[in-house]
Amino acid sequence: MTNSDYKPYNPNQTEPEIYALWEKNQAFKPNEKSSKEPRSILLPPPNANADLHLGHAMYVIEDVLIRFWRMQGHPTLWIPGTDHAGYETQYVYEKNLKKIGKSRFDFDRQTLYNNIAEFVKENSGKIQGQLKKLGFSLDWSHETYMLDDHVVNTVLTTFEKMYQDDLIYRGGYMVNYCPKCGTTFANLEVNHIEQKDPLYYIKYGPFVLATVRPETKFGDTAIAVHPDDKRYQKYIGKEIECDGLIGKFKLKVIADKYVDPKFGTGVVKVTPAHDPNDYEMGKRHQLEVKPVIDLNGKLNELTGPYQGLSVFTARQKVVSDLIEKGLLIKVNENYTHNIAVCYKGNHPIEPMVLPNWFVKTKPLAKKAVAVVKNEKVKIIPKRFNKIYFQWMENILDWPISRQVVWGIRIPAWYNIDKNPDLQVLFINRKGESVAGKVRDICGKYTISEIEKGLQKLIAPANSKFIISRQKPGENYLQETDSFDTWFSSGQWPLTTLKYPDSKEFKKYYPTTLLDTMWDILFFWVARMIMFGIYLTGKAPFKYVYLHSMVTDREGKKMSKSKGNVINPIEIVDKYGADALRMSLLVGCAPGNPIALSEEKIKGYRNFANKIWNIARYIEINTQGKDVKCFESHMPEFTLKNNKSAELNWCHGRIDELNKLSKKVTKLLDNYKFSQAGEELYHYIWDIFADIHIEGSKVWLNNDNQYSAYIRGTLKDMLETNLKLLHPFMPFVTEAIWQRLGKNSLLITEKWPE
RNA sequence: GGACCCAUAGCUCAGUUGGUUAGAGCGUUACAUUGACAUUGUAAAGGUCAGUGGUUCGAGUCCACUUGGGUCCACCA
C-alpha cells in the first residue's frame with residue numbers, strides 16, 4: 001500500500017481493474033468443496049438485443065445476496081442469460097424494415113427468421129459488458145440464451161409431455177387479434193384506453209338499438225334483450241325481419257341477463273364472431289358464429305359491397321348508407337367507452353374466433369396456489385399474495401401461439417391430403433405472393449415450393465395434426481405459429497440449470513430466490529411456478545422478492561416513449577457503480593417505487609470516498625509501525641484485569657463490531673437490504689470515522705505501550721467494515737483490501753458472523 | 001365494477017413481531033479549514049407520523065370510517 005494515490009477515490013480507473021481481478025481468479029464460480037447448503041439465483045434475462053436500463057440495475061439486490069452467501073461459505077451460483085423476446089424483438093426489427101420501405105410480407109418465414117437472428121446477433125453482447133460494469137458477480141460460464149439448442153429442446157419436450165398429459169389443445173376461441181401486428185395476444189397483453197366514439201341508434205325491424213360498431217352488423221346472428229324487460233316480452237323467442245343494407249334479413253330475439261335494460265334502448269345486436277361478450281352469449285344460446293372481418297382487418301365476402309374495406313372506412317360507409325335508407329335514428333356523439341388495444345403499438349384489437357394452441361391452466365394453477373398458501377414459496381412483500389391468489393384462482397386458459405416468426409416454432413404438422421382446407425400464404429419461385437386453400441393450390445405448385453416460400457399457414461380448428469420435431473412425411477407442412485415468449489421463459493429455471501440430468505440441476509434446484517419487478521408477477525413468475533411444479537413437483541424458488549420500480553424524479557415510470565429513461569452506465573461513468581448500487585439499495589422498500597435523484601447518488605459517491613480516506617488514515621498511521629491485534633491478546637488482558645483506558649477502548653470497539661456484524665447478518669438473512677445498508681452507512685461515517693478515528697488521534701499522539709493495540713484495533717475495524725460493506729459496494733471495498741496488501745480476495749473472504 | 005397500496009421534516013423516502021426522547025439522504029442556517037477526506041468537520045433549526053373514532057398499561061405500527069394520491073385485475077353494446 002502506497003501513499004502516492006489520489007486523495008479522492010477514482011472509481012472509473014479502479015472498477016474495471018477490480019472486475020478483471022475477480023474474473024482472472026474465477027471468483028464467481030461456486031465453491032463446490034463447501035458442504036454448506038447450496039444457494040442460487042437466476043438473473044431475469046434481459047432482451048438479447050437491448051440496452052440495459054435502470055430497472056435492470058435493481059438486480060443489484062441479487063448481487064448483494066450472492067456476495068453475502070458466497071462469503072458465508074455457501075456454494076453459490078448466479079446464472080446470467082438473455083431472452084429472444086419473441087414479439088418484442090420482431091416488433092423492433094419490423095420498425096427497422098419499415099424505414100427501408102419493406103415489411104414482413106416481403107419475406108418467406110425462414111428468411112425472415114434468419115434476418116431477425118442476424119439482427120439480434122449484431123445488437124447483442126452489449127448487455128454482458130453493462131452487467132459487468134455494475135459489478136455483478138455472475139457465473140458467466142453458465143450464461144444461457146433463450147434460443148440455445150438445449151433450451152429449445154427442453155421447451156419442445158415440455159410441450160410434447162403436456163400434449164400427452166392432455167394439457168394442450170387446439171381450438172377455435174375468441175382471441176385478441178391485432179390486424180396491424182398480425183398476431184393474437186393474451187388478455188394480459190391487452191390494454192384498455194378510454195375513447196370517445198359516436199354511438200349509433202339503428203333501426204332493426206321493430207327495435208331501435210345502440211351500437212358503436214355498425215360495420216359488424218353483417219355478422220349479427222341474434223338480437224338480445226333482458227329477460228325481465230317488460231317492453232320486449234312479446235318478442236322473446238320470436239324471429240323478426242329487418243331491413244338491411246344488403247337486403248332483408250331475419251334474426252331471432254333471445255333473452256339474456258347480460259343485457260343492461262338501462263343502457264341505450266335495452267336491445268343489443270349479438271355478433272358472436274367479433275365481440276367477446278357476444279361470443280359467450282352465443283355459446284349460451286347456440287348461436288351461429290359468422291365472421292365478417294378477415295385477418296387484415298378488412299370486411300370479407302359476406303358483406304357484399306363493403307368487402308375489402310377496412311373496419312373504419314366500412315363504418316363510415318355503413319353509417320352514410322344507413323342514413324340514406326332511413327335506418328339511422330340518432331347519433332350520440334359524446335359517448336366515451338373503453339376500447340381494447342395491443343400493449344405494444346396501441347392498435348385497436350379485433351376480437352376474433354381463431355384457431356389457437358392453448359394450455360389448460362386450471363390444474364396447473366391449483367398447485368401453484370397451494371405452494372404459496374403453504375409457504376413453500378414466500379412472496380416478499382407479503383401483500384402480493386392476495387393479488388397472486390386472486391389472479392390464479394380466476395385464471396383462464398392460456399393461448400400460447402403467436403403469429404410471429406421470431407421464436408420457437410410449434411412442432412405440429414398438418415397433412416395436406418387430410419386437411420384440404422388448410423390456408424397457405426407463400427411466395428412462389430417467381431417471387432409472387434400466393435394465397436389460398438391447399439386443395440386449390442396443390443395442383444399448381446409442388447409441396448416443396450410451397451414449403452420453401454411459406455409465410456403463414458392457417459389450419460381450421462378441427463384440423464388433424466401430428467406433434468413431432470421432424471417432418472413426419474412427404475405431404476406435411478409445419479405450423480407457422482411460434483410459442484408465446486413466456487412459454488419458454490416460464491421454463492427458465494429448468495433450462496438454465498439443464499433439467500433434468502445435470503449436476504447443477506440436482507444441486508441447485510429449486511433455486512433460493514427469484515428477484516424481479518412486480519409487473520411480471522403473472523407473465524413470468526406465476527408461469528415459472530406452474531411449469532416448475534408440473535415438471536419436477538417442486539416450485540422453482542423458495543422466495544420471490546419483488547423489488548422496487550425505479551421511477552424518475554417525478555415518480556413517473558421510465559419508458560422510451562416518455563423519453564425519461566436513464567442509462568445506468570452513464571451514472572456509473574459519472575459516479576461509480578458502488579454509488580449507484582447504494583442509491584438503489586438504501587431508502588426503498590420492496591414493491592414500492594423508488595424515485596432516483598442525482599443528489600442521492602452523489603451522496604453515496606461521497607461515501608465511497610469517505611471509506612477510501614478512512615483507509616488512507618489508517619494506512620498512514622500503521623505503516624512501518626508496531627501493530628498488534630487486540631483480539632488475539634484478549635484472554636491475556638482479561639486475566640490481568642487490565643483497566644487501562646486504551647485497552648478498554650479497544651475492547652469496546654471489538655464488542656461494537658460484533659454487534660454490528662450480527663445486526664447486518666440478521667438483516668440480510670431477512671432480505672432487509674435498505675436497513676442493512678443504512679446501518680453500515682451510519683456506523684462507518686458517524687461512528688467509525690467521526691467518533692472513533694477522531695478519538696484515536698489523542699491516543700496515537702501520546703505514543704505509549706498500548707498504541708500498537710489501538711492501531712491493531714483500527715485496522716480490525718476497517719477490515720470488518722470492508723467485509724460487511726462488500727456486498728453493497730464491492731469495488732471500493734475490494735480496492736482497499738488489495739491495497740492493504742492482503743494475499744487474498746475480499747470477495748471470497750469469510751463473512752464476520 | 002373488484003382488489004391492493006400509499007399519506008411520516010422544505011423535498012425524496014426508511015421505520016422488522018405495537019415498547020424509552022420518531023430516523024436517513026438531500027436541502028436550509030451559523031461556524032471551522034490546507035487536517036485521512038471540501039466528495040470535509042462541528043453545531044443548529046425543522047415532524048400533534050393525513051383526519052376522526054376504537055382496541056391496549058402503551059399506537060407511526062393493530063381495527064373501523066373519512067379525505068387525498070397511486071397501482072393492478074375485469075370491462076357494457
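Chain A is the first sequence line, chain B the second, and so forth, proteins listed ahead of strands; every chain is numbered from 1.
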How many Å lie between [atom1] on [X] and [atom2] on [N], as a whole number?
{"X": "A:Tyr388", "N": "B:C73", "atom1": "OH", "atom2": "C1'", "value": "16 Å"}
{"X": "A:Trp685", "N": "B:G41", "atom1": "CH2", "atom2": "P", "value": "5 Å"}
{"X": "A:Tyr617", "N": "B:U40", "atom1": "OH", "atom2": "C1'", "value": "15 Å"}
{"X": "A:Glu678", "N": "B:U12", "atom1": "CD", "atom2": "C1'", "value": "13 Å"}
{"X": "A:Asn592", "N": "B:U12", "atom1": "CG", "atom2": "P", "value": "15 Å"}
{"X": "A:Ile594", "N": "B:C26", "atom1": "CD1", "atom2": "C1'", "value": "14 Å"}

Inter-nucleotide [atom1] distance ([N], [M]), Å rounded:
{"N": "B:A45", "M": "B:A36", "atom1": "C1'", "result": "30 Å"}
{"N": "B:G19", "M": "B:A43", "atom1": "C1'", "result": "31 Å"}
{"N": "B:U66", "M": "B:A30", "atom1": "P", "result": "48 Å"}
{"N": "B:C13", "M": "B:G54", "atom1": "P", "result": "33 Å"}
{"N": "B:G25", "M": "B:G15", "atom1": "C1'", "result": "15 Å"}
{"N": "B:A9", "M": "B:C26", "atom1": "C1'", "result": "12 Å"}
{"N": "B:C75", "M": "B:A22", "atom1": "C1'", "result": "45 Å"}
{"N": "B:U20", "M": "B:G35", "atom1": "P", "result": "44 Å"}

Applying the side chain to side chain donor-acceptor pair (under 3.5 Å) criterion to A:Thr216, which one of A:Lys269, A:His274, A:Lys290 satisfies it?
A:Lys269
Look at [X] and [N] and indicate whether a side-chain polar atom (N or O) is within less than 4.0 Å of OP1 or OP2.
{"X": "A:Asn338", "N": "B:A74", "result": "no"}
{"X": "A:Trp518", "N": "B:C4", "result": "no"}
{"X": "A:Lys697", "N": "B:A36", "result": "no"}
{"X": "A:Asn606", "N": "B:U40", "result": "yes"}
{"X": "A:Lys386", "N": "B:C4", "result": "yes"}

base_contact_polar (B:C76 base, A:Asn277 side chain, donor-acceptor, <3.5 Å):
no
Below 3.5 Å, does any donor atom in the side chain of A:Glu694 face an acceptor in the base of B:A36, or the other way round?
yes
Check every strand shown and say whether [X] touches a base, only sugar-phosphate, or nothing at a heavy-atom separation below 4.0 Å.
{"X": "A:Tyr604", "answer": "nothing"}
{"X": "A:Val270", "answer": "nothing"}
{"X": "A:Asn394", "answer": "nothing"}
{"X": "A:His337", "answer": "sugar-phosphate"}
{"X": "A:Arg383", "answer": "sugar-phosphate"}

Go through [options] for me and flag the one nearest to the [X] side chain.
{"X": "A:Ala589", "options": "B:G15, B:U16, B:A36", "value": "B:G15"}
{"X": "A:Phe522", "options": "B:U16, B:C72, B:C76", "value": "B:C72"}
{"X": "A:Pro8", "options": "B:C73, B:U39, B:A36", "value": "B:U39"}

Need to verify one output field. Residue with the more 5' nearest nucleotide on RNA chain B, A:Ile691 or A:Lys610?
A:Lys610
Could you say whether A:Asp690 or A:Gln675 is positioned toward the 5' end of RNA chain B, judged by the nucleotide with the nearest heavy atom to each?
A:Gln675
Could you check whether the rings of A:Phe384 and A:Trp518 sit parallel, tilted or perpendicular, using 30° and 60° as the cut-offs?
parallel
When the ring centroid of A:Tyr388 is compared with that of A:Phe522, is the distance short of 6.0 Å?
no
Is any side-chain heavy atom of A:Glu15 closer than 4.5 Å to one of A:Pro11?
yes
With pairs defined as Watson-Crick or G-U wobble and both distances under 3.5 angstrom, please note down RNA chain B as a dot-bracket string, | for pairing with another strand.
(((((((..((((.....[...)))).(((((.......))))).....(((((..]....))))))))))))....
Could you tell me whether [X] and [Y] have a side-chain N and a carboxylate O separated by less than 4.0 Å?
{"X": "A:Glu215", "Y": "A:Arg213", "value": "yes"}
{"X": "A:Lys366", "Y": "A:Glu393", "value": "no"}
{"X": "A:Glu656", "Y": "A:Arg653", "value": "yes"}

Please tabulate, one pair per line, all N/O donor-acceptor pairs under 3.5 Å involving side-chain atoms of residues 332-342 of chain A, not counting sequence neighbours.
residue  : atom : partner  : partner atom : Å
A:Asn332 : OD1  : A:Asn334 : N            : 3.0
A:Asn334 : OD1  : A:Lys196 : NZ           : 3.2
A:His337 : NE2  : A:Asp197 : OD2          : 2.9

According to side chain to side chain contact (heavy atoms under 4.5 Å, CB included), who are the partners of A:Glu719, at least two apart in sequence or on a separate chain?
A:Lys715, A:Trp737, A:Leu740, A:Lys742
Face-on cation placement of A:Arg711 at A:Trp699 ring, 6.0 Å and 45° thresholds
no
